[in-house]
Amino acid sequence: MNAYSSFQKHLTDELAEIKSAGLYKEERIIASPQSVKIRLQDGREVLNFCANNYLGLADNPELIAAAEKAMHIRGYGMSSVRFICGTQDLHKALEKTIADFFGTEDTILYAACFDANGGVFEPLFTEEDAIISDSLNHASIIDGVRLCRAVRYRYANADMSDLENQLKVAQAQRFRLIVTDGVFSMDGNVAPLDRIYELAQKYNALVMVDESHSAGVVGKTGRGATEQFNLRGKIEILTGTLGKAFGGAVGGFTTGKKEIIELLRQRSRPYLFSNSLPPSVVGAGIYTFQMLEKSNQLQEKLHENTSYFVEKMIAAGFDIKPTQSAICAVMLYDAKLSQDMAARLLEEGIYVTGFYYPVVPKGQARIRLQLSAAHEKEHLDKCINAFIKVKN
Ligand SMILES: *Cc1c(COP(=O)(O)O)cnc(C)c1O
């Protein structure tokens, strides 16, 4: 036996185990642009209710034109990291645009928010410091914290008395950072930033908020959780993605206090050792934020859609998690039911995903829907009627 044959067996066993546990993830293939109405490879046209396309910008013609224009004037690729020869005027302009949008001092771009979170802790904190993290934080935060030598604390999701207890213990360290998602992706709840900020003041801690699911969605003008709680400019570190509400292409950022951003440019490994974002993405990114600066229409439509949908679903007898964002969890509790129901909904032309353990806690299976500004009333009604039909 060569080296690979025994490793191969190990892998096929592992894959078989994933399949027999019912946890194997199949990818459904789309043969159209990302949108509300998508065409699957088998020709079926379905309505999409599971994209992070909150503002409906993923196939927006103006963004496509902005991407084309930027590519035309600044080329296709950068072939460099930022600090060697990978920084164009466009990158600096997008960084400033993002800082203006969030009311922060400076911004650093990454290939993805996964990288922003992966590269934010290790350069800033050492074994003398403490990182206090919400138990439902995104995987990229968990991984980023693992790469850092700081002492780790965890508090139960949005549980402020638990956070306070952790903060008391963490007084033993030099600096403390509380880190939380702005909106939690499985329930759609918003982190109680007002109380987190109060506790941070009381216990001398810094705060970091990952606005990936909240930016463009929550806050009066879509500036995220910091806007919702009147904390613009007060949170030391924000991270976010261009891959959800803001066009959905790719790209991440950290924005906040200027000294933090300056040190990240010197030391953050995913920034130093990974390629610069391409001009098309950067140009369309600038355009996106400028567009949202001018009008709040898309966010308003998103909220109208969410309220309408949630109201109708509750009236139809569904068990809906109280949402504070554009995420709507239809609670089914039973894993198999969540899968069967999602499959039957697809037959009705509604594309949604069922989630169950270990993505959500045991016995908390659900279908998670994400509303979009691009949904029209008729789409929402079709979805609600399909739910009612497959329930019976
Ligand atoms: C989606 C998401 C990320 C990852 O963003 P990418 O830009 O796709 O890497 C990070 N954090 C949170 C909270 C997210 O929801």
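In listed order, ligands and their atoms are each counted from 1.
A 4.5 Å side-chain heavy-atom check between Asp187 and Ile327 finds every atom pair outside the cut-off.
Both tests do not hold together for Lys244 against Tyr54: distance to the six-membered ring centre under 6.0 Å, angle to the ring axis within 45°.
Of the charged side-chain nitrogens involved, none lies within less than 4.0 Å of a carboxylate oxygen, so that Glu62 and Lys69 do not count as a salt-bridged pair. In summary, Lys382 and Glu376 do not engage in a salt bridge, as defined by a charged side-chain N under 4.0 Å from a carboxylate O. Salt-bridge formation is detected for the pair Glu348/Lys389: a Lys NZ or Arg NE/NH1/NH2 atom is positioned less than 4.0 Å from an Asp or Glu carboxylate oxygen.
Residues Leu199 and Met208 fall into different hydrophobic clusters, defined by Ile, Leu, Val, Met, Phe, Trp and Tyr side chains chained together at heavy-atom separations under 4.5 Å.
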Check ligand 1 against the protein and report each N/O to N/O distance under 3.5 Å, formatted as atom name, atom name, distance.
unit_1   : atom_1 : unit_2 : atom_2 : d
ligand 1 : 7 (O)  : Cys113 : N      : 2.8
ligand 1 : 7 (O)  : Thr241 : OG1    : 2.6
ligand 1 : 9 (O)  : Cys113 : N      : 3.3
ligand 1 : 9 (O)  : Phe114 : N      : 2.9
ligand 1 : 11 (N) : His138 : ND1    : 3.4
ligand 1 : 11 (N) : Asp210 : OD2    : 2.6
ligand 1 : 11 (N) : Ser212 : OG     : 3.4
ligand 1 : 15 (O) : His213 : NE2    : 3.2
ligand 1 : 15 (O) : Lys244 : NZ     : 2.6

